[in-house]
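We name chains A, B, ... by the order of the sequence lines, and we start the count at 1 in each one. What you are looking at is a predicted structure, and each value in this text was computed from that prediction instead of being measured.
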There are 2 protein chains.
Amino acid sequence: MALGARVPGSVVPGSVVPGSVVPGSVVPGSVQERLVAAAVHLFAEKGFDSTSVQEIVERAAVTKGAMYHYFRSKDDLLYEIYHGLISQQLADLDRILGAGGTPGEVIRAVIVDLVETTTERLAEAAVFAREMHKLSAEPMAALKAQRRRYHEVFRDLVARGQADGAFASVASADTVTLIVFGIVNQLPRWYQPDGPKSPRQLADEIADFVLAGLAVPASYPAS
Amino acid sequence: MALGARVPGSVVPGSVVPGSVVPGSVVPGSVQERLVAAAVHLFAEKGFDSTSVQEIVERAAVTKGAMYHYFRSKDDLLYEIYHGLISQQLADLDRILGAGGTPGEVIRAVIVDLVETTTERLAEAAVFAREMHKLSAEPMAALKAQRRRYHEVFRDLVARGQADGAFASVASADTVTLIVFGIVNQLPRWYQPDGPKSPRQLADEIADFVLAGLAVPASYPAS
DNA sequence: CTCCTCATACCGACCGGTCGGTACGGACCG
DNA sequence: CGGTCCGTACCGACCGGTCGGTATGAGGAG
């Protein structure tokens, strides 16, 4: 697996803002970023356990000492990966909710965003889906709280549409929510970035299907 | 991790039929079965890599020597787990296809079966979904061939319904297939056996939702 | 019935290697 | 000089797999 040219001089000598290392607010190309990027790639390819710290630091072109300067442990690296992805999705969610609309419109926007962010950051999503359970209790709780919020917002959207009569109730709002996140979380398993379908096309197909599943049969009178 | 009493005498001294050890056709309570059961439990709980062979043999109340007598490697154990589950699902598929029916009826039966077998064998399914990629090339190819067959049958069912005009084509047959298997494969992540919904109820909800997603809007004239 | 032979089933100590993490020293900067 | 940043050398734990050996029972020979 060729790594390409690795000129030590080309590595900007991390003149990162010293002091508190705030995760997520990191100079591009910095040691931290390179480490996270290398970890994402390797975890996605071979899994968390089968990737050694040595491989990560080699791919990031730094040494172990550097890595353990910025991260407390290998698990810490994993947490950064999750945190980056879910934080973006939550920010997107707030933006979409802020824009307003009918439950149907909002749900479509949410699904499209989930599919697009997932396909954009496929490696992160793959790692997230596959290795989430490796986290220890504390970071796991933080992640689950974020997830939970996302789920609750979505479920309430469905429930609101059902209460309006805009959506059918063949499946409960909870089940629909779990179905939708099941679809999205499974995406990294089969989505091919170089396939014929653009992320946007795929997102629309999935949103169409879900909204069709929620549609009230037209023969119904507005009971 | 207390193992409880482990009386050597209580272990039936595997008077298994000597000669060919055919995997899958194994005396209940035999050493092989106990090993697979222990492995399923531990892999589901802590993941493949984080489970040591020592832990497996302790849980099965046998020794390492016994394990390596029956299985070539730790991976071999993993393969047995997959093989058992997918073989059952393929057998069910054949039974369902044999019974005949419209694409809608068959699809419903298939989804119900998938959900029921998955919830019945939740630990196996969880391991399958999470650790499949750990297999080496050869067994992986065998598994993928079985999976592929299942997918193709399902996709053709959808495509046939769409060609008939019985199903809408908002999402392509391929996408619908991937969506459905996405839902099913994600089941072990959130399904609670002790929750309020029976497997059958859940299966019906999911099947209803999928078939609603495939339904032709009633306002359509039969083009 | 008895003895010998041999295959199967299993035991458990052990090994080579790997891995996450640490100790410590030095370079560079303010 | 003191803190940040990072390199190097190394440690101790653990793990998958091996291997020499034993126990048991079936089956043939005499």
d(CD, Glu58(B); P, dG12(C)) in whole Å: 12 Å
query: Under the 3.5 angstrom rule, does the side chain of Glu55(A) hit a backbone N or O of Ser52(A) as a donor-acceptor pair?
result: yes
- prompt: Hey, is Asp174(B) close enough to Arg155(B) for a salt bridge, meaning N to O under 4.0 Å?
  reply: yes
Lys/Arg N to Asp/Glu carboxylate O, Arg108(A) vs Asp113(A), below 4.0 Å: no
field: salt_bridge(Arg200(A), Asp204(A)) N-O dist < 4.0 Å
entry: yes
query: If you measure only the distance, is there a donor-acceptor pair under 3.5 Å linking the side chains of Ser172(B) and Glu205(A)?
result: yes
field: Qualifying residues under side-chain hydrogen bond (donor to acceptor under 3.5 Å, both in side chains), relative to Glu152(A), sequence neighbours excluded
entry: Arg148(A)
- prompt: Reading nucleotides 20-30 of chain C from the 5' end, what letters show protein touch, with B for base, S for backbone sugar-phosphate only, - for no heavy atom under 4.0 Å?
  reply: BBB--------
task: Mind calculating the distance between OH (Tyr70(B)) and C1' (dA7(C)) to the nearest angstrom?
output: 13 Å
- line: Rounded to whole Å, CZ of Phe71(B) lies from P of dT18(D) at a distance of 16 Å
message: Tell me whether the side-chain N/O atoms of His69(B) come closer than 4.0 Å to OP1 or OP2 in dC10(C).
response: no
